[in-house]
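Read the structure below first, then the notes.
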Protein chains: 2
Amino acid sequence: MSSSASPAPHKVGITEVARHAGVSPGTVSNVLNRPERVAAATRLRVERAIAELDYVRNSSGSSLRSGRSSSVGLLVLDVTNPFFTEVARGVEDEAAARGLAVVLLNSAETHERQRRNIRLLAEQRAAGAVVMPVDDDLSDLLWLRRQGTAWVALDRGDVGGETGCSVSVDNLVGGLIAGRHLIGLGHERVTFLSGPFSIEQVRLRHEGLRRSFAEAGLDPDAAVRVLERPQLNPEQGERAVDEVLAGGPRQRPGAVLCANDQLALGLVKGLGRRGLRVPDDISVMGYDNVDFADLIHPGLTTVAQPKYELGRAAMRLLNAELDDPGHAHERLLFSPELVVRGSTAAHRPA
Amino acid sequence: MSSSASPAPHKVGITEVARHAGVSPGTVSNVLNRPERVAAATRLRVERAIAELDYVRNSSGSSLRSGRSSSVGLLVLDVTNPFFTEVARGVEDEAAARGLAVVLLNSAETHERQRRNIRLLAEQRAAGAVVMPVDDDLSDLLWLRRQGTAWVALDRGDVGGETGCSVSVDNLVGGLIAGRHLIGLGHERVTFLSGPFSIEQVRLRHEGLRRSFAEAGLDPDAAVRVLERPQLNPEQGERAVDEVLAGGPRQRPGAVLCANDQLALGLVKGLGRRGLRVPDDISVMGYDNVDFADLIHPGLTTVAQPKYELGRAAMRLLNAELDDPGHAHERLLFSPELVVRGSTAAHRPA
DNA sequence: CGCTTTCATTGACACGTTTCAAACGAGCTG
DNA sequence: CAGCTCGTTTGAAACGTGTCAATGAAAGCG
């Protein structure tokens, strides 16, 4: 970006640069895209011309000609969720390394917006996308792939395999280690505060939780009660408090595992309003290990996912696919980790 | 998006649609962009052809021809900060209403990334941008405007005026009402836990705080101590705890006003680690009223900004500028609001 | 009926870039 | 010196769209 005020706001393109440097447009293009193929002397001349004219490439031209743009989409369930913003950082860093721009698109957890965003990616002829599908209906995404836009699924193991690459954290194991932690503390009756079961991650975490009880010789059907909420945000968590406590002190669960941290934070707040103390009266666990999990009091016991790494890996897989469209699709599976803080404690019989 | 599997992945453009519908390409273009100018009968025919061929517009072509793309940039200081994600929602909603796509670009609080992102906007010939400048050095942004890309400044009042539109919340008043609240509680010695003073908002909040003391007949220089941290995140807040408490119990401030909620959350956590109780031992105030401010215990007293509305207003101003490039620049100023929760309490003399 | 006005449609061109076969020149080899 | 090769550069031809002056058709008017 030259600091000299350009007196003539005249459109300057590759051809004008060529003229100014005394070469052909083709050469300028080469300097821009494959510098190694042009002689050092001419390259220098062209580079000077570029600087002097304050030329800035028009990516519409490139994309039109080459059929693909040089930006990738990051289709995210909900920008508001800190989990995704961490992932976004990972994707960005890896994309930048390859010179790709990231456009962040927000589905806001609705199918219609996801559809609009997919449409957008197709129209832009995006190089590719990292996608967090809003639910199990993948038809729009498959359409996108037929249009020639590759994507890798994020946190959706089942989507990988035949259709493409995927990166995810083992949600079954996550539910399992969460359950083991609670069982280890003596809890034999817990509630799973869930999001919509149409979301795969939610289903798997629940299944893992059940399995931990089975593995301990307890009957999952008796031990874990499920409360399904329509969304995964703090407000829903707070509103769930009545149902969680329904049935009076005797029926009250000793511990609640929430489908994600957002729900857990809301629940903790709601419990506080009711005058219940965490973890003395009731233990609460989250899932994700969002930054804020460490900031509330007591700290939220939760299951950590390698968020940043998840984003990096996804973008790396996408890069691989762009380099070699015929490559073998990969399914990367990360392992979750238990993070114990203050919100869970040993069960105290009433 | 037709569900029929297209057997021929043949590139279908506006011309092929035209042929299929028995009209000229120009007419198809009109159907797409100015439907009112084409007779109902032909329009229907064209629309059917579009559906049958599963045509998807190539935005590279449009942008190339028209010189501008149909997406706007949202240049944000830090995607990780919940404040911005709220703003993003507002911008998105308003942009969608006008058929513009929003690409979210993250400066990660560094000048270099901001520069790269600005470059990107120029190369994409973005229709416009909503920008949160990383600091007072606006040269890159002015360059962008010279390139023909309009932008409106977000939360940067001083940037508006001659150079363009701006939308912000009155940070001076924000600091003022925060200070009045603390003074009302009897605090006469407070600490301002600040971010970099290169950020305008920070300076103004500080100035407002000082003014509140002056207005109460107290000497600002004696009453408010400043602690400057290099970034506005929770980690910095937590790390600041030593300095806040420096000098022992007698010197300890009765209250701390933080430059934003992130800092405050970190500080509260740090104080907890030190065994200090909020607000009994020390009062803490944040700024922004991020969602999480309500989720910690005690709830964080803070200054609320109309985040979503801020985003909407900014995008609306941008729309106005795009409609009429010669329009008079506007400076919109929102008012902050005090939100009292549990983290502040009356001063107790030691 | 001849004239103008209005409305719909046409068709060619331009936008800025990449690509690729072809041309060029210099250096080598026999 | 003719013949080759290799490294560099050229020039023209797309890519898919929007624009606009021109054309055609239909309608309104005196």
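Numbered from 1 within each chain, the chains take letters A, B, ... in sequence-line order.
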(request) Could you list where the contact with chain B starts and ends along DNA chain C, reading 5' to 3', using a 4.0 Å heavy-atom cut-off? (result) C/dA8 to C/dG16

(request) Walking along DNA chain D from 5' to 3', note the first and the last nucleotide with an atom under 4.0 Å from a heavy atom of chain A, and give both. (result) D/dT8 to D/dG16

How would you list, by chain and number, every residue that makes a side chain to side chain contact (heavy atoms under 4.5 Å, CB included) with [X], sequence neighbours excluded?
X: B/Asp78; result: B/Thr80, B/Asn81, B/Phe84, B/Glu109
X: A/Val134; result: A/Leu77, A/His111, A/Gln114
X: A/Arg316; result: A/Glu94, A/Glu309, A/Arg312
X: B/Glu112; result: B/Thr110, B/Arg116

(request) Could you note down all residue pairs passing salt bridge (charged side-chain N to carboxylate O under 4.0 Å, His left out) where residues 82-92 of chain B supplies at least one of them, sequence neighbours left out? (result) A/Arg113-B/Glu92, B/Glu86-B/Arg89

(message) If only side-chain N and O atoms count, and only distance matters, is there a donor-acceptor pair under 3.5 Å linking A/Thr149 with A/Arg68?
(response) yes

(request) May I ask you to check whether B/Ser168 and B/Ser166 show a side-chain donor-acceptor distance below 3.5 Å? (result) no

(request) Give the intermediate values and the outcome of side-chain hydrogen bond (donor to acceptor under 3.5 Å, both in side chains) for residues B/Asn319 and B/Arg98. (result) CA-CA 8 Å; B/Asn319 278 338; B/Arg98 201 185 196 267; 3.1 Å; yes

(request) Take A/Asp136 and A/Arg156 through the test salt bridge (Lys or Arg N to Asp or Glu O under 4.0 Å) and record every step on the way to the result. (result) CA-CA 9 Å; A/Asp136 286 343; A/Arg156 272 295 172 106; 3.1 Å; yes

(message) Any residue in residues 26-43 of chain A with a heavy atom nearer than 4.0 angstrom to DNA chain D? Just list them by number, or reply none.
(response) A/Thr27, A/Val38, A/Ala39, A/Thr42

(message) Does anything in residues 66-73 of chain B come within less than 4.0 Å of DNA chain D? Heavy atoms only, and list the residues if so.
(response) none

(request) Name the residue closer to the 5' end of DNA chain C, choosing between A/Ser60 and B/Gly22 according to the nucleotide with the nearest heavy atom. (result) B/Gly22

Enumerate donor-acceptor pairs with a distance under 3.5 Å from any side-chain N or O in residues 38-50 of chain B to protein atoms, sequence neighbours excluded.
from    : atom 1 : to      : atom 2 : distance (Å)
B/Thr42 : OG1    : B/Ala39 : O      : 2.9
B/Arg45 : NH1    : B/Ala21 : O      : 2.9

(request) Answer yes when B/Asp155 and B/Lys307 have at least one side-chain N-carboxylate O distance shorter than 4.0 Å, and no when they do not. (result) no

(request) Rounded to the nearest 0.5 Å, what's the gap from CD1 on B/Ile14 to OG on B/Ser24? Could you check? (result) 9.0 Å

(request) Any chance you could lay out the side chain to side chain contact (heavy atoms under 4.5 Å, CB included) test for B/Leu154 and B/Val87, step after step, and finish with the verdict? (result) CA-CA 9 Å; B/Leu154 198 67; B/Val87 173; 3.3 Å; yes

Contacts under 3.5 angstrom, residues 123-130 of chain B side chains, donor-acceptor by atom type, not counting sequence neighbours:
from     : atom 1 : to       : atom 2 : distance (Å)
B/Arg125 : NH1    : A/Arg57  : O      : 3.2
B/Arg125 : NH1    : B/Ala122 : O      : 2.8
B/Arg125 : NH2    : A/Val56  : O      : 3.2

(message) Rounding to 10°, can you tell me the angle the first-five-pair axis of the helix from C/dC1-D/dG30 to C/dG30-D/dC1 makes with its last-five-pair axis?
(response) 40°

(message) Quick one, B/Trp151 and B/Leu141 - any side-chain contact, counting heavy atoms below 4.5 Å?
(response) yes

